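This structure is a prediction, so every number in the text was calculated from the model and none was measured.
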Amino acid sequence: MLEELKKRVYEANMQLPKHGLVTFTWGNVSEIDRETGYFAIKPSGVDYDKLRPEDMVIVDLNGDKIEGEYNPSSDTATHAELYRAFLNIGGIVHTHSPWATSWAQAGRGIPCYGTTHADYMYGEIPCVRNLTQEEIDSGYEKNTGVLIADFFKDKDYEAVPAVLCKNHGPFTWGKDGIDAVHNAVVLEEVAKMAVHTEAINPNVKPAPRELQDKHYYRKHGANAYYGQGK
């Protein structure tokens with residue numbers, strides 16, 4: 001079971017450079033097995049072109065290493081907090097992809113300017129606040145996860161499977177590692193489109209709510225009809 005989990009997480013991680021979401025080692029993917037409570041994650045600081053499936057590290061929800069030669073990603077504690085808080089997710093991605101990270105560094109959420117965004121994420125993609133000095137000193141990675149989880153406490157984390165951490169970068173999630181990567185690719189594309197949109201029209205407003213609703217719910221709602229169905 002764990003070997004299959006490591007293989008899936010390896011394959012998901014390899015999608016990040018394929019889609020231009022990482023430079024050097026600036027990113028990671030994890031996926032959880034909810035039965036055991038263990039998740040697999042990329043090892044810290046290992047080049048993507050040197051990764052093998054067996055290099056993925058298995059950890060528990062306390063961040064303790066269960067299996068693996070390497071140390072797990074330095075973001076492991078953030079992933080663990082999100083898995084504890086978001087019980088319906090199975091995979092998480094963190095990158096420093098340039099367009100989404102630019103919005104994070106600007107401290108701005110990404111408005112929904114069109115139907116490409118609305119097809120995948122409901123409304124603005126939020127940017128959460130900076131951690132305080134105390135939060136940084138007492139457990140930076142863990143408190144990053146706590147901050148994100150607290151922000152979404154009264155929100156639908158499945159309708160908006162992405163967040164920007166101010167002055168840091170994006171996290172996305174999904175039903176498994178590959179789905180979380182898919183959302184990271186979408187996030188990067190809509191972040192880029194939003195920059196171009198504001199450059200063309202600095203006075204642009206978000207797309208009308210009725211149009212956003214139509215595109216989101218035709219794909220994700222109770223009566224969704226996008227695609228081929230079952």
Task: M14 CE to D49 CG distance, which is reported to the nearest 0.5 Å - done: 7.5 Å
Open item on the list: Just checking W173 against Y157, ring centres under 6.0 Å apart?
Closed with: no
Open item on the list: Does K18 have more than 12 heavy atoms from other residues, nucleotides or ligands lying within 6.0 Å of its NZ?
Closed with: no
Task: Other residues, nucleotides, ligands: >12 heavy atoms within 6.0 Å of Y38 OH - done: no
Open item on the list: Taking the side chain as everything from C-beta on, heavy atoms only, tell me whether E188 gets closer than 4.5 Å to P98.
Closed with: yes
Task: Sidechain-backbone polar pair: D55 side chain, L51 backbone, donor-acceptor under 3.5 Å - done: no
Task: Interatomic distance, Y225 atom OH to R218 atom CZ [nearest 0.5 angstrom] - done: 5.5 Å
Task: Minimum heavy-atom distance A12-I178, with the two atoms named - done: CA-CD1, 3.7 Å
Open item on the list: Count I, L, V, M, F, W, Y as connected when their side-chain heavy atoms are under 4.5 Å apart, and connections chain through other members. Are M193 and M121 then in the same cluster?
Closed with: no
- [ ] Look only at the side chain of H94 and the backbone of P170, and say whether a donor-acceptor pair between them is shorter than 3.5 Å.
- [x] yes
Task: D33, I32, T36 screened by side-chain contact (heavy atoms from CB on, under 4.5 Å) with L5, the one that passes - done: D33
Open item on the list: Give me the atom names and distance for the closest heavy-atom approach of G63 to T76.
Closed with: CA-CG2, 4.3 Å
- [ ] Decide whether S73 and N28 meet the rule of one side-chain donor and one side-chain acceptor closer than 3.5 Å.
- [x] yes
Open item on the list: Restricting to side-chain contact (heavy atoms from CB on, under 4.5 Å), what partner residues turn up for A194, sequence neighbours left out?
Closed with: W103, I110, Y113
Open item on the list: Can you tell me how far apart CD1 (I125) and CZ (R108) are? Round to the nearest 0.5 Å.
Closed with: 12.5 Å
- [ ] Taking all heavy atoms of A85 and all of A149, pick out the closest pair and write down the distance.
- [x] CB-CB, 3.5 Å
Open item on the list: Please enumerate all residues that pass ring-ring contact (aromatic ring centres under 6.0 Å, His included) together with H215, with sequence neighbours excluded.
Closed with: none
Task: Spacing of F39 atom CZ and L82 atom CG [to the nearest 0.5 Å] - done: 9.5 Å
TODO: Give the cluster check for F152 versus L187: same hydrophobic cluster or not, with ILVMFWY residues linked at side-chain heavy-atom distances below 4.5 Å.
DONE: no
Open item on the list: Contact between Y226 and D119 at the side-chain level, heavy atoms closer than 4.5 Å - yes or no?
Closed with: no
Open item on the list: Regarding R8 and E11, does a basic nitrogen lie under 4.0 Å from an acidic carboxylate oxygen?
Closed with: no
- [ ] Would you give the length of the straight line joining atom CZ of F24 to atom NE2 of H96, rounded to the nearest 0.5 angstrom?
- [x] 13.5 Å
- [ ] Pick out which of E67, E54, E31 makes a side-chain hydrogen bond (donor to acceptor under 3.5 Å, both in side chains) with K6.
- [x] E67
Open item on the list: Given 3.5 Å as the limit, does a donor-acceptor pair link the side chain of Y140 with the main chain of L131, or not?
Closed with: no
Task: Salt-bridge present (E4, K7; N to O < 4.0 Å) - done: no
Task: Straight-line distance of N143 CG to I148 CD1, nearest 0.5 Å - done: 11.0 Å
Task: Check: T25 side chain, V46 main-chain N or O, donor-acceptor pair, under 3.5 Å - done: no
Open item on the list: Quick test of your reading: applying salt bridge (Lys or Arg N to Asp or Glu O under 4.0 Å), list the pairs with at least one residue in residues 143-155, sequence neighbours left out, ordered by first then second residue.
Closed with: D150-K153
